[in-house]
Amino acid sequence: MENVTVLGAGSWGTALAIVLAENGHHTLLWTHREEQAVEINEHHTNQKYLPETNLPNNLVATSHLEKAIDHSDVVVVAVPTKAIREVCEKMMTFLNKKVLFVHVSKGIEPNSLMRISEMLQESLSADVIEEIVVLSGPSHAEEVVLHHPTTITAASKNLSAAEKVQDLFMNQYFRVYTTDDVVGVELGGALKNVIALAAGISDGLNYGDNAKAALITRGLAEITRLGVKMGGNPFTFSGLTGMGDLIVTCTSVHSRNWRAGNMLGKGMKLEQVLDQMGMVVEGVRTTKAAYQLSQEYKVPMPITTALYDVLFNDKEPKIAVDELMIRTKKREINDLQ
Ligand SMILES: NC(=O)C1=CN([C@@H]2O[C@H](COP(=O)(O)OP(=O)(O)OC[C@H]3O[C@@H](n4cnc5c(N)ncnc54)[C@H](O)[C@@H]3O)[C@@H](O)[C@H]2O)C=CC1
Ligand SMILES: O=C(CO)COP(=O)(O)O
């Protein structure tokens, strides 16, 4: 059994720490909030993020980052994209060993247009990175903690590092595949949140199942178009981390992105929605990044562009949908190339 550290005690960090602890690993969960560490250690609960769940007794939490990192050479980074650099900067003040970093965040940084593994590489020095592995796929924390069957993919340029992560996490209810397509996996995981916001808006407008199927399918077309241009393997986008995650995020009531979109579709303003969520809605910042990427790579991304206008240019959702429907005529499949 291994020592493993998880950074970030939100819903996903906590759910993954539970999987690791249930697999028998000595798991230490870091939170930046002392009172949350006390709650986890004394009551074995995480009321804010997973209110119905009893955490295993062998799962220990700390708010001391240096102690958390000392504990292990495998560190799972499970904080939202916008906190990644801050956490890395803190780690760099004391890190003096090589670590296998597993990241599970789904975002792209606006303006720098970096994927998470690129942000990690930039903010951590090369001599502390043993390897970077991305763990991504259709996996809502709320279902993982119920032991509902879940499949996910570990991606790394170094397949043996991905296999190590596969071995750490895999169990009866949590099945882990491997791939070396880091670019495709990271882009699929981040960009599906954009489409899930749009699907939520469509449901908020009561546009029904035809519209949602259209968003999922045409959303996948534009994700794939950009992803392939950026170097992802086209097949990755129809796999677990592409189509799989797109389906779950566009259709599940657990999805924060879908729920936020739903409120927007019902007429709420973005600031109100984000205040009410109290959890990270990665798709909002990623929409900005995806819009910038579509311009940089000259790849048409009509759904992303429409959502960008809704979120950042105050366009009425209904008008954005109307405009998507009356775009110039296209051929379906040629459009993918
Ligand atoms: N919730 C889920 O089911 C899944 C989430 N993800 C991804 O995992 C990442 C984390 O998401 P969740 O756990 O759901 O978010 P969350 O909103 O439930 O929790 C975020 C956690 O990060 C902490 N945090 C925020 N800013 C911080 C900072 N500056 N320094 C340290 N800690 C900070 C918060 O206190 C909180 O504990 C996101 O990128 C999300 O897309 C991926 C798969 C499933
Ligand atoms: O990535 C996820 C499921 O695979 C979680 O999606 P949400 O952040 O929309 O809840």
Side-chain angles (χ1 to χ4, degrees), residues 6-19 29-37 39-40 46-51 53 61-65 68 76-91 102-109 115-116 119-120 123 134-146 148 150-153 169 174 185-186 188-200 240-263 273-274 277-287 289:
V6 178
L7 305 181
S11 47
W12 195 218
T14 305
L16 289 174
I18 292 173
V19 174
L29 177 58
W30 173 76
T31 161
H32 65 155
R33 290 175 35 234
E34 167 65 17
E35 67 279 12
Q36 200 188 19
E39 184 200 339
I40 292 171
N46 185 349
Q47 286 298 343
K48 178 164 191 241
Y49 293 103
L50 290 169
T53 308
T62 180
S63 60
H64 195 292
L65 185 59
V76 180
V77 183
V79 294
T81 307
K82 73 171 180 339
I84 295 263
R85 286 189 191 272
E86 185 189 321
V87 172
C88 288
E89 267 167 38
K90 285 187 186 151
M91 279 192 283
V102 183
H103 89 72
V104 300
S105 313
K106 293 176 178 169
I108 302 169
E109 190 173 48
R115 294 175 280 108
I116 312 268
M119 292 167 69
L120 291 174
S123 22
V134 189
L135 193 63
S136 185
S139 51
H140 278 117
E142 293 80 357
E143 296 187 358
V144 170
V145 297
L146 293 175
H148 287 179
T150 298
T151 53
I152 198 160
T153 299
F169 281 93
F174 203 75
V185 166
E186 289 188 314
L191 295 171
K192 60 85 185 173
N193 286 334
V194 175
I195 305 302
L197 274 167
L240 289 172
T241 61
M243 183 52 132
D245 213 355
L246 186 61
I247 292 173
V248 90
T249 318
C250 290
T251 60
S252 171
V253 289
H254 298 306
S255 165
R256 280 80 46 88
N257 288 284
W258 178 87
R259 277 191 277 146
N262 197 246
M263 289 187 239
V273 169
L274 296 179
M277 289 297 301
M279 290 187 191
V280 66
V281 181
E282 287 277 19
V284 174
R285 285 176 92 236
T286 304
T287 298

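When a ligand or atom number is given, it counts from 1 through the structure's own listing order. Just so you know, these numbers come straight off a predicted model, no measurement behind them.
In this structure, Arg256 counts as a contact residue of ligand 1, since one of its heavy atoms falls inside 4.0 Å of the ligand. Under a 4.0 angstrom heavy-atom cut-off, Ser139 registers as being in contact with ligand 1. Heavy-atom distances between Gly107 and ligand 1 stay at or above 4.0 Å for every pair. Residue contact annotation: Thr31 has no non-hydrogen atom under 4.0 Å from ligand 1. At least one heavy atom of Ser139 lies less than 4.0 angstrom from ligand 2. Note on ligand 2: Gly137 sits in its first shell, one or more heavy atoms being nearer than 4.0 Å. The shortest heavy-atom distance from Glu282 to ligand 2 is not under 4.0 Å.
Contact atoms of ligand 2 toward His254: 10 (O) (distance under 4.0 Å to a heavy atom of the residue). Near Met279, meaning under 4.0 Å from any of its heavy atoms, are these atoms of ligand 1: 17 (O). Per-residue contacts place Ala141 under 4.0 angstrom from the following atoms of ligand 1 (heavy atoms of the residue considered): 2 (C), 3 (O). Near His140, meaning under 4.0 Å from any of its heavy atoms, are these atoms of ligand 1: 3 (O).
At the top of the distance list for atom 43 (C) of ligand 1, counting protein heavy atoms only, stands Trp12 NE1, 3.2 Å. With respect to atom 8 (O) of ligand 2, the closest heavy atom belonging to the protein is Arg256 NH2, 2.9 Å. Ranking protein heavy atoms by distance to atom 2 (C) of ligand 2, first place goes to Lys192 NZ, 3.2 Å.
With a 4.0 Å cut-off on non-hydrogen atoms, Ala9 touches ligand 1 through its backbone and not its side chain. Residue contacts with ligand 1, taken as heavy atom pairs separated by less than 4.0 Å, do not involve Ser136 at all. Residue contacts with ligand 1 for Val87 involve side-chain atoms from C-beta outward but no N, CA, C or O (heavy atoms, distance under 4.0 Å). At a heavy-atom cutoff of 4.0 Å, ligand 2 is contacted by both the backbone and the side chain of Ser255. The part of Thr249 lying near ligand 2 is the side chain, judged by heavy-atom distances below 4.0 Å.
In this structure, a donor-acceptor pair under 3.5 Å is absent between the side chains of Glu143 and Thr150. Under 3.5 Å, the side chains of Gln36 and Asn46 contain a donor-acceptor pair of N or O atoms.
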With salt bridge (charged side-chain N to carboxylate O under 4.0 Å, His left out) as the test, would you mind laying out the steps for Lys90 and Glu86 before giving the verdict?
-> CA-CA 6 Å; Lys90 285 187 186 151; Glu86 185 189 321; 3.4 Å; yes
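One option in Lys192, Lys106, His32 has a heavy atom closer to atom 31 (C) of ligand 1 than any other, and that option is His32.
Contact annotation: the side chain of Tyr49 never approaches that of Thr31 to less than 4.5 Å [non-hydrogen atoms, C-beta and beyond]. His32 has its side chain out of reach of Val79: every pair of non-hydrogen atoms, C-beta onward, lies at least 4.5 Å apart. Side-chain contact between Met91 and Leu7: present, with at least one pair of heavy atoms (C-beta onward) separated by less than 4.5 Å.
Looking at Asp245 next to ligand 2, an N or O pair under 3.5 Å apart turns up.
Under 4.0 Å is where a charged nitrogen must lie from a carboxylate oxygen, and between Lys48 and Glu39 no such pair does.
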